[in-house]
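Numbers for residues simply follow the sequence, beginning at 1. Start at 1 and go down the list; that is how both ligands and their atoms are numbered. Hydrogens, waters and symmetry mates are skipped; everything else that's a heavy atom, side chains included, is used.
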Amino acid sequence: MNIGIFDSGIGGLTILHQAMILMPQEKFLFYADTDHVPYGTKSREQVISYVDQVIQFMISHDCKAVVIACNTATAVAAELMRNRYAFLPIIGIEPAVKPAVKESGGKRVLVVATPLAVHEKRLKNLVERVDDAHLVDLLELPGLVEFAERGEFVSEQVTTYLQERFADYKLEQYGELVLGCTHFNYFKDTFQKLMPSHIHLIDGSLGTVRQLMRVLSTKGLLILSESQPNENNHWEILKNSTNVQYYTSGRLITDSLQLNTIEHLHERLERMRKI
Ligand code: DGL
């Protein structure tokens, strides 16, 4: 059986990448809903209907669990889908606000996410629960999803866009930057250049994959491997893995050019994982 991982687009590869490293023995179905990307500027009703379609697709394609590798879709639809498909383990990524507040040492925490995620109750509730000292600020970065989908990760335009979005913030007051959208992981090098050097970047990929492993293990669905899960596993060994099928809005990707692009995205993510 497969583990289904999906996002509106290439952002979800951050979770797949991490999952392949920690669970090389599993089979994955990766689904980028590129017909509907971006989710973050759509209405919640639209996103709920897209997520529902993807989950039905995953169920009909032998998935034993589904990871919503999209902070926006999790904020809008995770609870609803868990109620609707109670037989299916559904794991959703959420911005790593809790660890960021813990690790910020009293400095401010900036959470960057899509407009829909920022306006959803789920993120506001999470912040209220963990932010007793009122250290957390939320900032929308819708443009980054568009840059990512164009494959534009490092450019003057990306730098200018981020400089403009950060212009009103006194960045030296911040200790943590929470990447609350899986697409933002592709830009870690630019974030790092623009931020004072003491700011730590944090995202929810590792936590989400660990949660996936816990859920699968509790349900007896985790394929046990001889070796211990190891987050330092080398991507080099995995990159020719035949354990993943890639879909774009329900269409299996077989074209070698497209598969080559995906391989390059994994390579970039591997570099970003080390930042
Ligand atoms: N990658 C998604 C997230 O984590 C959203 C991107 C989009 O707007 O489609 O929020």
Evaluate the ring planes of [X] and [Y], with Trp represented by its six-membered ring, and classify them as parallel (under 30°), tilted (30 to 60°) or perpendicular (over 60°).
{"X": "Tyr186", "Y": "Phe153", "answer": "parallel"}
{"X": "His36", "Y": "Tyr50", "answer": "parallel"}
{"X": "Phe166", "Y": "Tyr169", "answer": "perpendicular"}

> Does Thr182 reach ligand 1 with a nitrogen or oxygen that is under 3.5 Å from one of the ligand's nitrogen or oxygen atoms?
Replying inline: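 Between Thr182 and ligand 1, an N or O pair is found under 3.5 Å apart.
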> Considering distance alone, does some N or O of Gly40 sit under 3.5 Å from an N or O of ligand 1?
Replying inline: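 Yes; the residue has a nitrogen or oxygen that sits under 3.5 Å from a nitrogen or oxygen of the ligand.
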Exercise: do [X] and [Y] side chains pair donor with acceptor under 3.5 Å:
{"X": "Asp203", "Y": "Asn185", "result": "yes"}
{"X": "Thr34", "Y": "Thr248", "result": "yes"}
{"X": "Glu149", "Y": "His183", "result": "yes"}

Close-contact set for ligand 1 against [X] heavy atoms, below 4.0 Å:
{"X": "Cys181", "answer": "1 (N), 2 (C), 3 (C), 4 (O), 5 (C), 6 (C), 10 (O)"}
{"X": "Thr114", "answer": "5 (C), 8 (O), 10 (O)"}
{"X": "Thr72", "answer": "3 (C), 5 (C), 10 (O)"}
{"X": "His183", "answer": "1 (N), 2 (C), 6 (C)"}
{"X": "Asp7", "answer": "1 (N), 2 (C)"}

> Are Tyr247 and Phe57 near enough that their ring centres are under 6.0 Å apart?
Replying inline: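 Judged by ring-centre distance (under 6.0 Å), Tyr247 and Phe57 do meet the cut-off.
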>> Please confirm whether Ser8 approaches ligand 1 to less than 4.0 Å, judged on its heavy atoms.
In response: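 It does; at least one heavy atom falls under 4.0 Å.
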>> Looking only at protein heavy atoms, which one is nearest to atom 7 (C) of ligand 1, and what is the separation?
In response: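 Minimum-distance protein heavy atom for atom 7 (C) of ligand 1 reads Tyr39 N, 3.3 Å.
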